[in-house]
Amino acid sequence: MNAPDTYAPTQADGVIDWLTNGTRDERYIDDIFAQMCIRLQQAGIPVQRATLHVLINHPQWLGARMMWSDGMREAEIALVDYDVRERSEYIGSAANEIHDGAAEVRERLAQDSAHRRKHALYDEMRAKGLTDYVAWPLYHTLGKRHIVTFATARPGGFEDAHIAGLKKLLPVLALVSEIRVKNRLARTLLETYVGTHAGELILAGATRRGSGTTVRAAIMICDLRDFTKISDNWPRDDVIDLLNDYFDAMSEPIARHGGEILKFIGDGLLAIFPLHQPNACANLLHAVGEARGAMAALNERNSGSGRAPLNYGIGVHVGDVMYGNIGSARRLDFTVIGPAVNMASRLETLTKTLGRNVLLSRDFAELVEKQFALEHVGSHEVRGFNAPIELYAYPARATSG
């Protein structure tokens with residue numbers, strides 16, 4: 001990209017000053033981007049449409065596209081999946097060209113058809129009366145490249161002075177956007193690997209080893225049956241796909257009902273439903289019921305390929321847990337510990353012996369027995385606890401009242 005004269009005044013200078021000094025308290029890049037486009041119009045640069053495309057390193061999404069059009073006060077955000085580069089909307093687009101190394105893509109939309117680029121996006125912009133379109137890479141540190149585009153409906157397209165102003169804007173927009181994108185990336189990575197609530201605590205400064213709080217919560221521990229046999233006999237990729245499908249079936253209902261998955265342990269998971277949330281214990285059982293249905297649907301799909309049905313065990317207890325940072329000086333885990341967690345783990349183990357998929361402690365059952373049809377299964381010895389524990393099962397056909 002040919003760099004503009006750094007010192008030559010342009011129509012964008014006021015917008016550049018605002019980006020540099022007036023956005024410190026703005027948290028979200030989409031808000032900044034929309035305000036920037038409005039200010040460009042006010043400065044005399046006739047932008048009618050603009051987009052900002054950023055890579056976000058999300059486990060499900062490749063990136064996000066922020067789009068602003070004339071008259072909008074806020075930018076629209078659309079998430080882009082990893083398969084987009086195989087689809088017609090990407091192939092031959094400006095994003096495709098820039099991804100392949102182009103320093104600039106300029107399309108005079110009003111020119112005669114013999115000289116036009118062929119792509120549905122350009123046809124769409126022409127249909128909306130736009131006359132000129134330009135796209136540039138937006139350079140972040142360490143070679144990261146994102147994309148910004150601008151389009152106008154001005155007869156004759158952008159003037160050279162307009163292009164000079166937009167180019168002069170790019171380095172500052174790159175710095176401002178990189179800060180926000182990396183803040184969002186840090187939040188996304190923490191939510192992905194430690195959960196939403198723990199991620200918020202860590203971002204707020206809860207990073208000291210040994211720091212934590214006591215939380216009263218319903219605890220759920222789930223484990224997949226016969227996983228060792230499966231992993232020894234199945235191809236590696238099939239095992240990974242199976243685990244992902246199993247965790248989707250279990251995890252999505254937990255998230256929908258306000259639970260937080262703190263960790264995946266091999267083929268198991270640990271989740272909590274803090275009791276400060278209304279109906280936390282009932283929500284846990286609703287999540288279990290939905291997960292049970294999702295597992296049944298998964299087994300039905302897998303039966304078509306000759307796979308044996310997957311079985312699982314779930315142990316549920318309620319009590320006080322220590323919630324915080326535990327680990328070595330260089331590697332911490334944000335998790336829960338305490339006798340209540342140990343109890344949930346022991347109950348999960350007992351599901352194998354008692355032949356029940358879901359076992360609940362008496363302490364937990366007392367909090368939900370008026371809402372759910374539970375089955376009393378007697379008192380049983382639980383390893384690590386002195387007295388027998390009264391247990392309940394949550395039958396597959398149990399209904400809430």
With the threshold set at 4.0 Å, does a side-chain nitrogen-carboxylate oxygen contact exist between [X] and [Y]?
X: Glu375; Y: Arg356; answer: yes
X: Asp81; Y: Arg87; answer: yes
X: Asp13; Y: Lys168; answer: yes
X: Glu124; Y: Arg49; answer: no
X: Arg117; Y: Glu97; answer: yes

Does the ring centre of [Y] sit less than 6.0 Å away from the ring centre of [X]?
X: Phe364; Y: His317; value: no
X: Phe264; Y: Phe247; value: yes
X: His286; Y: Phe372; value: yes

Test item: [X] and [Y] side chains (from C-beta on) under 4.5 Å apart, heavy atoms:
X: His99; Y: Arg85; value: yes
X: Thr214; Y: Val321; value: no
X: Met322; Y: Val336; value: no
X: Leu52; Y: Leu138; value: yes
X: Met220; Y: Val288; value: yes
X: Val318; Y: Ile219; value: no
X: Arg126; Y: Glu107; value: yes
X: Ile29; Y: Asp31; value: no

So, [X] side chain and [Y] main chain: donor-acceptor pair closer than 3.5 Å or not?
X: His140; Y: Ser177; value: no
X: His257; Y: Ile254; value: no
X: Glu178; Y: Thr141; value: yes
X: Tyr246; Y: Asp267; value: yes
X: Glu76; Y: Trp68; value: no
X: Asp30; Y: Met66; value: no
X: Arg24; Y: Asn21; value: yes
X: Thr131; Y: Arg154; value: yes
X: Arg65; Y: Ala78; value: no
X: Arg180; Y: Glu26; value: yes

Original post:
Given the rule in the side-chain contact (heavy atoms from CB on, under 4.5 Å) test, do Leu109 and Asp132 qualify, once you have shown the distances and angles that lead to the verdict?
Top reply: CA-CA 5 Å; Leu109 297 166; Asp132 200 0; 5.7 Å; no

Can you name the nearest heavy-atom pair linking [X] to [Y], along with the distance?
X: Val84; Y: Tyr90; answer: O-CB, 3.2 Å
X: Gly92; Y: His119; answer: C-CD2, 3.6 Å
X: Pro253; Y: Asp248; answer: CD-O, 4.0 Å
X: Gly44; Y: His162; answer: O-NE2, 3.7 Å
X: Ala217; Y: Ile272; answer: CB-CB, 4.2 Å
X: Arg108; Y: Gly156; answer: NH1-O, 3.8 Å

Atom pair [atom1] ([X]) and [atom2] ([Y]), whose distance is rounded to the nearest 0.5 Å:
X: Cys281; Y: Leu275; atom1: SG; atom2: CG; value: 5.0 Å
X: Leu367; Y: Asn279; atom1: CG; atom2: CG; value: 11.5 Å
X: Ile314; Y: Glu348; atom1: CD1; atom2: CD; value: 9.0 Å
X: Met36; Y: Arg39; atom1: CE; atom2: CZ; value: 11.5 Å
X: Thr152; Y: Ile45; atom1: OG1; atom2: CD1; value: 10.5 Å
X: Asn311; Y: Lys352; atom1: CG; atom2: NZ; value: 12.0 Å

[X] and [Y]: side chain donor to acceptor below 3.5 Å:
X: Thr20; Y: Asp17; result: no
X: Asp70; Y: Gln41; result: yes
X: Asp100; Y: Asn96; result: yes
X: Tyr139; Y: Arg145; result: yes
X: Glu390; Y: His376; result: yes
X: Arg225; Y: Thr351; result: yes

Original post:
Which word best sums up how the rings of Phe150 and Phe33 line up, parallel for under 30°, tilted for 30 to 60°, or perpendicular for over 60°?
Top reply: tilted

**OP:** Identify whether NZ of Lys or CZ of Arg in Arg292 sits under 6.0 Å from the centre of the six-membered ring of Tyr394 and within 45° of that ring's axis.
**Re:** yes

Within 6.0 Å of [atom1] in [X], more than 12 heavy atoms from elsewhere:
X: Glu89; atom1: CD; result: yes
X: Asp160; atom1: CG; result: no
X: Tyr28; atom1: OH; result: no

Original post:
Can you list the residues that meet the side-chain contact (heavy atoms from CB on, under 4.5 Å) rule with Ala294, with sequence neighbours excluded?
Top reply: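 Partners of Ala294 by the side-chain contact (heavy atoms from CB on, under 4.5 Å) criterion, ordered by chain and then number, come out as Ala249.
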
**OP:** Decide side-chain contact (heavy atoms from CB on, under 4.5 Å) for Leu62 and Leu55; before the verdict, give the C-alpha distance in whole Å, the side-chain angles of both, and the deciding distance to 0.1 Å.
**Re:** CA-CA 6 Å; Leu62 172 66; Leu55 302 174; 4.0 Å; yes

**OP:** Would you sort out whether Leu269 and Asp223 count as a side-chain contact (heavy atoms from CB on, under 4.5 Å), showing the intermediate values?
**Re:** CA-CA 7 Å; Leu269 66 83; Asp223 190 64; over 6 Å; no

**OP:** Kindly indicate, with the supporting measurements, whether the criterion side-chain contact (heavy atoms from CB on, under 4.5 Å) is fulfilled by Arg106 and Tyr133.
**Re:** CA-CA 6 Å; Arg106 181 87 178 269; Tyr133 170 85; over 6 Å; no

